[in-house]
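Right, one structure below, let's go through it.
Protein chains get the first letters and strands the later ones, always in sequence-line order, with residue 1 at the start of each.
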Amino acid sequence: MKKIFNPQKNYNDTRKEIGYISRKDAKSSDYKKIGFMSGLEVHQQLKTKKKLFCRCPAGIYQDDDDFNAEIIRHMRPTLSELGEYDGTALMEFKTHKEIVYRINNETACTYEVDDTPPFRIDDEALGIALEISLLSKLNIVGEVHITRKQYLDGSIPTGFQRTAILGVEGEIQLKNKKVKLIQLSIEEDSCREISDIGHRRIYKTDRLGMPLIETVTYPELYTPDELMEAAQYIRFLNRSTGKVRTGIGAGREDVNVSCKGGTRVEIKGVAHNKWIPELSHNEAYRQWALLNVKKILNKRIPNNKNWKIDSAFLDYDVFDSLNETLKDAKDRGLKLVLVNLPDFKGILSHFTQPGKTFADEIWGRLKVIACLLEPFMAHSEEFGSNSSDIDFNLLAPILNAKENDAQLVFWGDEVDVETALETIEERCKMAFEAVPNETRKSLPDGTTIFERVLPGADRMYPDTDSAPIPLEDEYIENLRKNLPVEIFERYHQMRDWGIPEDTFNYILRNNLVPIIERIVNDFGINPKFVGTFFGHKLKHIEGKFKQHIDFSYEKVYDLFGFIDKKNLDISIAKEMLPIIYEYPKMDFESVLITLKFKHRKKEDLLAPIEFLHEKFKEIKISKNDVTYDWLMGQVHKQAVGNVALRDIGKEIRKIIKEIE
Amino acid sequence: MANDFFQGYKGRSLETLKKYNVRVWGQAEIVTTRGTFEGTVLPRSENDDDLHIVIKISTGYNVGIDIRTVKTMKETGYKKANYKIPEKEFPFTAGQPDVKLLGTGGTIASRLDYRTGAVIPAFSPGELYGAVPELADICNLTTEKVFAVFSENMGPNQYKQLAISIGKEINNGIDGIVIGHGTDTLHHTAAALSFMIQDSPVPIVLVGSQRSSDRPSSDAALNLIHAVYTAGHADLGEVVVCMFGPTSDEYGFLHRGTRVRKMHSSYRSTFRTIGDTPLATVTRNGITMIKKNFNHRRKDKKVKVQAYFKEKVAMVYYYPHMKPDIFDSLIDKGYEGIIIVGTGLGHVNKEVYPALDRAKENGIHVYMTLQTIWGYVHMFVYDTGRDMMAKGVVPGGNMLPEVAFIKLGWSLGMLENEEKKTGKTYTKQERFDYVKNLMLTSINDEITEREPYNGYLVYQGGVPEVEEFIKKFRK
């Protein structure tokens, strides 16, 4: 009897077969086993007034619909070194994308849309980027050469990004190891995508051209945790200058991951460092899974050079009834195509990532390369809630499919069918070779999806529109004099101060050590108190209250200054902070009034204790000794800001002892 | 040949390379006070300073090393790059029109040498097919390099040579001509060809690009596709310029060779028809005529080429308080024709009047055109205009200054040829009359009888209705 194939079981079995374990269960030995290797490209926007190669303002963002004009371009591949179009180029050209740029006159000029050559590089940006290069211990170049790096996805209207190396061969000091840096470059930021539907991709140009740096590490990070630590370190280092942008999109990571026998795959634009471990973990295992697919396929089809798909147009009438999706496809006049994948049974449902299978690898490429509009595909090994109700047993005979074959159907515009078929065959053939070179987009669930074919190395060439910029020793040395303290020294410093470790990330992320230092030095306040004040109290308030636009960390400095001047006890700071956070314009005296604060002397505070003690004896119910707590509670509120609570407590205990 | 090893290096940087025996294309390890750098030594642009050595590092980027920081360096390998453009045979398709692409030196299609950044031009049909494969669906293309000069170095000799080459091609039965040309003086050449070849049976299409074809966003390929389509398929027998309509990759304009001007230093949509509408729009799918009157394509292979040009013609752009010595020096140097680009309706200051008298006495042909670019010369409106006409200055109608300049050179060439041919020596007045007759008789709309209302459109931003138009339609 024919065994019925169960895709769900196949997914589970293959996941087990490759030894996938969840991130939380994975140990460093597991990563060693699969040869986890990774590196980072950390992008960081610089806080400059203007853009990098034109004099438009930087840092002003517009809504999608806030534009004055639109410009349309098509990116055309240029010939590469070997006279062939490189992978990306060919792919982007295949897609025939119409790229629309939305221009707002406030944030973009004719430079952004490539109708004016570049102006001189922004000096402010160059200075900041060099400071960070020096902090990263890079060898600073003698002359900056602007280079063009080709991008055909349309994210930059010229078709290339202007970028330049400022330094090579640096290093950062992590907790347990040094990580070498390949280089640091200064570059212009790209457009922000508004939408990408079918053959039309829309971008806005507000961010385009803003100065950005990219720090590239060697692939020396061997666990997701190390990778995360390096990402954090570089972020903190950048922020320690106080001259970089923060907020959504201001810092973005490209994460390069491979496993043993795999390929360097780039996960693009990871916006949050906390996503890095899960993403890199899953990517390494995805590659590990694809190696298994390769093994299975090569065993099953040893002579696979001539392996090819078979396809046929289907009439919608082939189905007795149409589901909503197919009904819609038919109404839109889309072509319905059946594809047979010889000997691919069990491959389409082979595990690749949590909740994803090899079929998703095909799906991702069809969406991007053939520009098919979702939903556009169903296949013979679907399972779970996403399954279509298409009966492939009915369809398989149309292409004389054999028992060991797999099938899929897709529907799309007639003009896209050929590209789609090529794409399917190409991806399947790649499976015989294991892991294709590509860039992938991160999803919030920790998995990734195909983005683009990884561009070849040949896409760099000099920018003939700009002259080289010499960097004199004197200029570099002047920058070196004013560098902030290094991050690993900051860790030491915070430990010496006794600040709790759980505040370190918050303090470094927001570059707070300099302000803590000033508060400590100027007002003689205990650093542990100040560090905790920021790392616990302020962080807590941030999560709870809405920050006023005028609030800045400088307000906290002023607060401690006020407390110092007025000779108040620092305990009042915690009470005042939430009010200042929400109403930074309120003067500190008024904040005290809001808190109903009254100046009281220690003696005055302690005066009623004996009387209260007497009173408490009368009302006390509990047998336990809670006298102290009750008494403390009575004076606590008034004491805050006047006398340190510890002092008051001591005095109360003394009094209790005397009385009892 | 020794210098070949150190392409572009001079002075101190050259000394440094020689001192350590490191050549261009050598793989070098350079130890400096700023750390160690490794990469391939690249040629240096000759205009750059002599304090830096350029290397390409392994990630593909170029960086410069300050030779004053160099402690030591050594060559660890050597690999000279040698690139050429891939060539594929241009497919012949029966039934498609035959188009000839004439090269003048401008880069139409090209590819990059990634190591040096140098642009390698693609020119043979095979090379062009490699770069712009769509051309094969439009026509059967052949090419000929007529000469190789930069746009700014184009001049009378090139105009004549080009006109003669075009004439030959037409006689041989070509279906259309495309001329690849730099954009700076594209409209000068277009005007020259308009006068030298007045009765072409096929389209003569001049094309260039505002962004070099080595960049993915270049307008070169699309311009070329539009031009080749026009040459092969348009029902036209005229000289036209084919360049981007809007700055977007949407459609091209066909501009009459006599009314077109480059109007922006860097925009893709830089070429505009002045004082009239463009002749047509063109996309990869077809041509849509805008003007109703034009010279249609003919089946015959007849064409009259009048490749004449007299070089001693100058253009004087008037400025306030101009002195007569500007004109005097031209007269003294033997110039035979002067195009004045005057203010307003066509004026210059009184101070130069004596020089104008002198010019007339010396038989110099002086024509008035306008700095305003748009509009007609009207020298009857003010006394000054009338005074100048009395001094022999001829109003040039609404002829564009550059077109008037080219036409005067051509007219003087025609005159010279006429004198040679007839053996008759013309009097000064006869010469004035002969040239004036040619100058003021419009050959192909260089002077139009009327200016349509939509011939002058320079909208100003900021006005609500203009902003609305821009947002909605102007891509």
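Heavy-atom pairs under 4.5 Å with chain A peak, among B:T36, B:T270, B:L51, B:T32, at B:T36. Ranked by heavy-atom pairs under 4.5 Å with chain B, the list A:V113, A:L471, A:V144, A:N105 is led by A:L471. Ranked by non-hydrogen atom pairs under 4.5 Å with chain B, the options A:T163, A:V168, A:I182, A:I469 are led by A:T163. With chain B as the partner, the residue from A:K149, A:E169, A:Q183 showing the most heavy-atom pairs under 4.5 Å is A:Q183. Put simply, of B:E38, B:R268, B:E250, B:Q210, the one with the most heavy-atom pairs under 4.5 Å next to chain A is B:R268. Per-residue counts of heavy-atom pairs under 4.5 Å with chain A were compared for B:P246, B:S58, B:G64; the largest is that of B:G64. Listed options A:V216, A:T147, A:T158, A:I476 were ranked by heavy-atom pairs under 4.5 angstrom with chain B; first place goes to A:T158. Of the listed residues B:D48, B:I470, B:T247, the one with more heavy-atom pairs under 4.5 angstrom with chain A than any other is B:T247. Per-residue counts of heavy-atom pairs under 4.5 Å with chain B were compared for A:I156, A:T116, A:I140; the largest is that of A:I140.
Put simply, the side chain of B:D249 gets close to the backbone of A:H74: a donor and an acceptor are under 3.5 Å apart. Formation of a donor-acceptor pair under 3.5 Å by the A:R76 side chain with backbone atoms of B:A220 is not found in this model. Remark: side-chain polar atoms of B:H52 are paired, donor with acceptor, to backbone N or O of A:G142 under 3.5 angstrom.
If you measure heavy-atom distances from B:R211 to chain A, the contacts under 4.5 Å come from the side chain alone. Only the side chain of A:P468 has a heavy atom closer than 4.5 Å to any heavy atom of chain B. If you measure heavy-atom distances from B:T69 to chain A, the contacts under 4.5 Å come from the side chain alone. Of the atoms belonging to A:I103, not a single heavy atom falls under 4.5 Å from chain B. For chain A, no part of B:I53 is nearby; none of its heavy atoms comes within less than 4.5 Å. With a threshold of 4.5 angstrom between heavy atoms, A:N104 does not approach chain B through any atom at all. For B:D49, the part sitting under 4.5 Å from any heavy atom of chain A is the side chain, from C-beta outward, and nothing else.
For A:K180, the side chain to side chain donor-acceptor pair (under 3.5 Å) criterion is met by A:E220, not counting sequence neighbours. For B:Y251, the ring pair (Phe, Tyr, Trp, His ring centres under 6.0 Å) partners two or more places apart in sequence, or in a different chain, are B:F253. Checked against ring pair (Phe, Tyr, Trp, His ring centres under 6.0 Å), A:F67 has no partners two or more places apart in sequence or in another chain.
More than 12 non-hydrogen atoms from other residues, nucleotides or ligands lie less than 6.0 angstrom from CD of A:E477. At most 12 heavy atoms of other shown residues, nucleotides or ligands fall within 6.0 angstrom of atom CD in A:E418. Counting heavy atoms of neighbouring residues, nucleotides and ligands inside a 6.0 Å radius, atom CD of B:E152 exceeds 12 of them. Within 6.0 Å of atom NZ in B:K74, 12 or fewer heavy atoms from other residues, nucleotides or ligands are found, so the atom counts as exposed in its surroundings. Other residues, nucleotides and ligands contribute only 12 or fewer heavy atoms inside 6.0 Å of the CZ atom of A:R200.
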Quick one, A:N68 with B:K471, criterion side-chain contact (heavy atoms from CB on, under 4.5 Å). Give me CA distance, side-chain angles, the key distance, then yes/no.
CA-CA 5 Å; A:N68 299 112; B:K471 186 166 179 175; over 6 Å; no

A:I165 vs B:I57, side-chain contact (heavy atoms from CB on, under 4.5 Å): CA-CA, chis, key distance, verdict
CA-CA 10 Å; A:I165 294 292; B:I57 58 176; 4.1 Å; yes

Determine whether B:S266 and A:D115 satisfy the following criterion, side chain to side chain donor-acceptor pair (under 3.5 Å), listing intermediate values before the conclusion.
CA-CA 6 Å; B:S266 51; A:D115 267 327; over 6 Å; no

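Distance check, rounded to the nearest 0.5 Å: OH of B:Y267 to CG of A:D114 gives 11.0 Å. How far OH of A:Y151 is from OG of B:S217: 15.0 Å, rounded to the nearest 0.5 Å. Residue A:N139 holds its CG atom at 10.0 Å from OG1 of B:T33, rounded to the nearest 0.5 Å. Interatomic distance, A:Y461 OH to B:R215 CZ, rounded to the nearest 0.5 Å: 7.0 Å. Between B:R68 atom CZ and A:E472 atom CD the span is 4.5 Å, to the nearest 0.5 Å.
Under the 4.5 Å side-chain criterion, counting only non-hydrogen atoms from C-beta, A:R73 is not in contact with B:L222. Using a 4.5 Å cut-off on side-chain heavy atoms (C-beta onward), B:V54 and A:H145 make contact.
Heavy-atom proximity under 4.5 angstrom to chain A picks out B:E467 from residues 457-467 of chain B.
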